[in-house]
Number of protein chains: 2
Amino acid sequence: MTAGGAAGRAGDVARRATIREVAEAAGVSRSTASRALTGQGYVAPQVRDRVRAVADGLGYVPDATARHLRRQASQSIGVLLSDLANPFYAGLAAGISQQARKRQYTMMLADDGGSAGVEAEAAETFVALRVAGVIVTPVSAHLASYLARQRIPVVEVDRQFSAGACDAVLVDNGSAAQKVTTQLIESGHRRIALVIDEMHWTTGRDRLAGYRAAFGAAGLPLDESLVVSAGWDVEAARVEIRKLLGRAEPPTALFAANNVLAEAAFRTAAELGLAIPGQLSLVSFDDVPWMSMVTPGVTAVRQDTAALGEAAVSQLIERIQSPLAPVRTVLLSASIVTRGSTAPPA
Amino acid sequence: MTAGGAAGRAGDVARRATIREVAEAAGVSRSTASRALTGQGYVAPQVRDRVRAVADGLGYVPDATARHLRRQASQSIGVLLSDLANPFYAGLAAGISQQARKRQYTMMLADDGGSAGVEAEAAETFVALRVAGVIVTPVSAHLASYLARQRIPVVEVDRQFSAGACDAVLVDNGSAAQKVTTQLIESGHRRIALVIDEMHWTTGRDRLAGYRAAFGAAGLPLDESLVVSAGWDVEAARVEIRKLLGRAEPPTALFAANNVLAEAAFRTAAELGLAIPGQLSLVSFDDVPWMSMVTPGVTAVRQDTAALGEAAVSQLIERIQSPLAPVRTVLLSASIVTRGSTAPPA
DNA sequence: CCTCCATATGGGATCGATCCCACATCGGCG
DNA sequence: CGCCGATGTGGGATCGATCCCATATGGAGG
């Protein structure tokens, strides 16, 4: 097929096959070809086989956008995360993508970098694409309400901004935080600092509540000055932590509310020459790879990110299939991985 | 508008607005509405403003699938990676997603887990969605040739299976490997092991070539038994590394060809009680977060994953715009981050 | 023999946006 | 005054697949 001739003209080479071409090549109508390929409706068995053989031969792949337009139902879900370079979100993405593939959905992924503005843009893009539903680690309540108005199901993951208005898949932050704080208390710690990102998010709020509950349950007073809100800026967080650890009466243990803060705390401790766990016990909410590589390893609350992502996809698909079912919040429990960074205070 | 009446019936609430509804509400035809909204063709300025105001009021968002179908041109790119949970791929995904957003493209992401079968399925999905192009970290040559037949541009990233047949964006593996090996040689190492994943991939092949070249340039003989192919299975790799380090005449330095092997080497050294860098110097190709957290830090070849992803998007868009331009391979250079894991041999 | 139903097939409309083209209007200019 | 090009508008076709419906055929049953 390399020689010239009319068919060899550059530019007019092999356009992608459409169902019409499959039908013509098989000597049937578009309708029959469609039934043969989708398996919906009556087709004579031998015609079905012939059409399918012809389609294979032509390398026919149905146009999903055309099908979507006609059926008014998409097989794509939108996924919006805060920071793919953070292993927490990357793990989430991995879980979502696995489960989506299993359920025959494709995934449109965007990263909003934690910005509400980008989040809003992404929401509009998802509407334009007419996705079947959206999974989001929200940074505002806007997305869920906007998409609700457009009748697009939303599942909030990790944290919740629209409780009662849309489904959510969360980690049981309160219980996990309480449990890990209780362990520190039981091993003798009293001055336990909590370094937290943002207390208005449900993650921060619930982790703080668990921490408080641990003191309450132990009947111990809580030194409010040991609760430090460090925000999202890494540099600013390190400054806060340095101040905290440099106090006249420093904490004997530090509970970092996320993996970024744990890294800041770990580095700062090293910088100040504080031995872990000798002079400072360290606990992290969220377990990421480096915590098991360093010596001593960092005790951490392990959130199963893959399971979180899978649960989010399952919940979203249920919602797509039953738009009127009652709103649901799924809570996944977290486990504690005890490593060398925690020990009784000196 | 909360009171009952015919419009208040449950179920028939606010369908999504179409351009036809915008046109009717603005008192013009679909054609005029389309011109007003897209800015293509003649429209009277006051009509344009009125149509846009009406569209805003109705919360109109054009259906991207319908537009795509009609224009026969999509604004989505397909992205296929091997393992989102690995920080290398996660960083790549982050870079791609940033750049795609900047260029007004949306991203369909899939994870093939390193399986050629899943890769082939994903390729078909991308064809079905009629994406404008595909970025892939390939595991076989099939994807690129299949998509080429479908006239869908492909950019291979990180490694190359279809040299000459499609564009690629790669790291200059040879130079980086040679440079880092030369550093080891210059600091006095002679028995330098190379633990590599797979020598048939361009990554492995080129890193091996760089390693060899370093010995050649130094005029030193190379002990072939120190080149170990460990494959992709982590457990098997650890067994290989354990054997390697347990030899009668063990290497004084180990060069791990990727971050997973570096982790295996690091853990195995600890397990065997080998001091780093005292008894073994360690170097990794690919720098991931834990390498800067451990003590001593691990000397590593740093690949800028974000830049790699961004370059891939740029190359893909150029290809989309100029389908006939000559095939291009972009090489990004890597830098060496020297940390405490390397020192002259004892 | 005629009716009826299950099976089988094709034509036309449809989804939403775009775009070609026909047609209308208006101002300028010879 | 009439012609022409620039401007503005709407109708219909189109992208590819699906699906409703009309029509056709064959065998079973009254």
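- Contact annotation: A/Tyr42 side-chain N/O to C/dA8 OP1/OP2 distance is not under 4.0 Å.
- You'll find the side chain of A/Tyr105 reaches within 4.5 Å of the side chain of A/Ile317, heavy atoms only.
- With a 6.0 Å radius and a threshold of 12 heavy atoms from other residues, nucleotides or ligands, B/Arg103 has its CZ atom above the threshold.
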| task | Quick one, give me the B/S/- string for nucleotides 15-23 of chain D, reading 5' to 3', where B means a protein heavy atom under 4.0 Å from the base and S means that only happens at the primed atoms, P, OP1 or OP2. | result | BBBBB----
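- Atom CD of B/Gln104 sits in a sparse spot, with 12 or fewer heavy atoms from other residues, nucleotides or ligands closer than 6.0 Å.
- Contact check for B/Thr106 versus A/Leu129: side-chain heavy atoms found under the 4.5 Å cut-off.
- Taking atom CD of B/Gln46 as the reference point, atom P of D/dT7 lies 17 Å away to the nearest angstrom.
- Under the 4.5 Å side-chain criterion, counting only non-hydrogen atoms from C-beta, A/Leu37 is not in contact with A/Pro62.
- Here A/Ser29 does not reach the OP1 or OP2 of C/dG11: none of its side-chain N or O atoms lies under 4.0 Å away.
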